[in-house]
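Throughout, protein chains are lettered first and strands after them, A, B, ... in sequence-line order, and every chain is numbered starting at 1.
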Amino acid sequence: MNKDKIENKIEYRKKCPECGNENLSKDYERAELVCRKCGLVIDEEIADHGPEWRAFNNEQVEKRARAGPPTKYTLHDKGLSTTIGWKNRDAYGKSIPSKQRSQLYRLRKWHRRTMAGNSNQRNLIHAFAELSKISSQLNLPRSIREQSGMLYRKASKKNLIRGRSVEALVLACIYAACRMAGLPRTLDELSDISNVKRKDIGRTYRFISKKLKLKINVPTPQTFVSRFCNALKLSYDVKKKANEIIKESIRNELTSGRGPVGFAAAAIYIATVLNKEKRTQRQIADVAGVTEVTIRNRYKEIAKKLSINIQP
DNA sequence: AAGACGAAAGTGGTTGA
DNA sequence: TCAACAACTTTCGTCTT
């Protein structure tokens with residue numbers, strides 16, 4: 001209890017190790033602690049110091065679930081399970097007469113069966129273990145994890161699971177949740193950390209988004225800028241500049257038909273050159289998952305249309 | 001030596017008949 | 001279901017710093 005308070009205080013008093021600036025902003029959406037002066041990401045997991053909610057069987061789930069609100073979509077019973085005790089005693093500790101005892105046995109049996117005995121529940125336990133593993137690897141904020149879990153639960157309710165790979169389904173839910181939160185990951189990123197092919201994740205995603213009638217907008221280049229800039233350790237100014245370039249490009253209809261990822265990468269490249277925080281095309285291409293060629297093509301188009309002069 | 005450039009051929013996904 | 005198509009990638013030779 002006290003320990004939590006102390007930790008919070010320490011976090012609050014943090015300084016930027018790069019420039020000593022104390023003006024830090026917490027970005028809970030992205031789960032980052034960011035220096036407002038130089039854009040350095042100081043702590044990438046501020047929103048998620050919670051325990052690992054992994055459960056591999058019903059007993060573990062019940063042990064960990066207890067009664068603590070808020071309810072968790074990432075637990076197969078939303079953390080709301082009730083247990084019938086194993087002792088043959090009543091609430092006062094008296095032993096229960098044998099006549100009622102057989103009744104109690106029967107009650108327990110069916111309780112167990114309805115809890116985790118059916119394949120649906122077992123499937124959810126498996127899926128949420130998977131979900132927890134993957135979202136840890138991606139450092140996803142809790143809100144997105146919960147959203148993914150909710151989507152999976154919905155899919156399960158509509159019987160969309162049977163006959164499909166659990167892993168692909170989980171990845172598709174994560175992909176959808178990220179996009180809904182405005183923090184899209186690329187299919188390649190998801191594919192890289194799992195052993196599901198990009199194509200399969202995409203297909204499964206389309207499947208569930210159609211069946212669940214999800215309304216998800218096409219990602220704009222801006223949604224990628226912040227993440228890529230952080231990965232490249234670029235300053236806040238570059239971020240801002242890149243966003244301006246994108247906004248201007250959208251107005252000039254340069255973005256239509258172009259992949260948003262490559263476009264974001266090109267805008268960042270221009271911004272780095274303009275702000276003299278040079279990164280090579282290769283560096284940017286690597287974090288964005290596109291090729292240098294794409295960056296070149298895009299940035300030529302932008303520079304031409306917006307008449308931005310790039311001189312080294 | 002490293003980075004930027006651009007041509008040309010290849011690949012995977014979308015679209016419309 | 002198939003072919004056409006645009007976006008993007010791969011590869012590679014050349015130029016610039």
- Message: What I'd like to find out is whether the side chain of R185(A) reaches to under 4.5 Å of the side chain of R227(A), using heavy atoms alone.
- Response: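 Yes, close enough: below the 4.5 Å cut-off.
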- Between the side chains of E253(A) and S256(A), does any donor sit under 3.5 Å from an acceptor?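 Note: E253(A) and S256(A) side chains miss the donor-acceptor criterion.
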- Using heavy atoms to find the nearest nucleotide of DNA chain B for R282(A) and V293(A) separately, return the residue whose nucleotide is more 5′.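 On the 5' side of the pair lies R282(A).
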- Task: Hunt down the Watson-Crick or G-U wobble partner of dA7(C), both distances under 3.5 Å, from any strand shown, or write none.
- Result: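 For dA7(C), the partner nucleotide comes out as dT11(B), under the 3.5 Å rule.
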- Item | DNA chain B: 5'-most and 3'-most nucleotides touching chain A, 4.0 angstrom heavy-atom criterion |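 Reading along DNA chain B, I get dG3(B) to dT14(B).
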Tabulate below the donor-acceptor pairs under 3.5 Å that side-chain atoms of residues 279-289 of chain A make, not counting sequence neighbours, or state none.
residue : atom : partner : partner atom : Å
R279(A) : NE   : L232(A) : O            : 3.1
R279(A) : NH1  : E277(A) : O            : 3.2
R279(A) : NH2  : L232(A) : O            : 3.1
R279(A) : NH2  : K233(A) : O            : 3.1
T280(A) : OG1  : Q283(A) : N            : 3.1
T280(A) : OG1  : Q283(A) : OE1          : 3.4
Q281(A) : OE1  : R296(A) : NH1          : 3.1
R282(A) : NE   : E292(A) : OE2          : 3.2
R282(A) : NH1  : D286(A) : OD1          : 2.9
R282(A) : NH2  : E292(A) : OE2          : 2.9
Q283(A) : OE1  : T280(A) : N            : 2.8

- I144(A) CD1 to R179(A) CZ distance, which is reported to the nearest 0.5 Å: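 Those atoms lie 13.0 Å apart.
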- Looking only at heavy atoms, what is the nearest atom pair of L151(A) and A177(A), with distance?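 Closest heavy-atom pair between L151(A) and A177(A): CD1-N, 4.0 Å.
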Mind listing the side-chain donor-acceptor pairs of residues 192-207 of chain A below 3.5 Å, one per line with the distance, residues two or more places apart or on another chain?
residue : atom : partner : partner atom : Å
S194(A) : OG   : L190(A) : O            : 2.9
S194(A) : OG   : V196(A) : N            : 3.4
D200(A) : OD1  : R203(A) : NH2          : 2.6
T204(A) : OG1  : D200(A) : O            : 2.6

- In whole angstroms, how far is the C1' atom of dT10(C) from the CG atom of D286(A)?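 Rounded to whole Å, this separation is 15 Å.
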- Does V273(A) belong to the same Ile/Leu/Val/Met/Phe/Trp/Tyr cluster as V293(A), with side-chain heavy atoms less than 4.5 Å apart forming each link?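 Different clusters.
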- Message: Could you work out, with salt bridge (Lys or Arg N to Asp or Glu O under 4.0 Å) as the rule, every residue matching E130(A), not counting sequence neighbours?
- Response: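 With sequence neighbours excluded, E130(A) shows a salt bridge (Lys or Arg N to Asp or Glu O under 4.0 Å) to K133(A), given in chain and number order.
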- Task: Please examine the side chains of T220(A) and P260(A), heavy atoms only from C-beta on, and report whether any two atoms are closer than 4.5 Å.
- Result: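 Contact flag for P260(A)/T220(A) side chains = no.
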- Interatomic distance, I302(A) atom CD1 to S249(A) atom OG [nearest 0.5 angstrom]: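 Those atoms lie 4.5 Å apart.
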- Among residues 193-207 of chain A, which residues get a heavy atom nearer than 4.0 Å to DNA chain B?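 The stretch gives R198(A), K199(A), R206(A) as the residues lying under 4.0 Å from the strand, ordered by number.
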What N/O pairs connect the protein and nucleotides 4-8 of chain C at under 3.5 Å? Give each pair on its own line.
residue : atom : partner : partner atom : Å
dA7(C)  : OP1  : R258(A) : NH2          : 3.0
dA7(C)  : OP2  : R258(A) : NH2          : 3.4
dC8(C)  : OP1  : G259(A) : N            : 2.2
dC8(C)  : OP2  : R298(A) : NH1          : 2.4

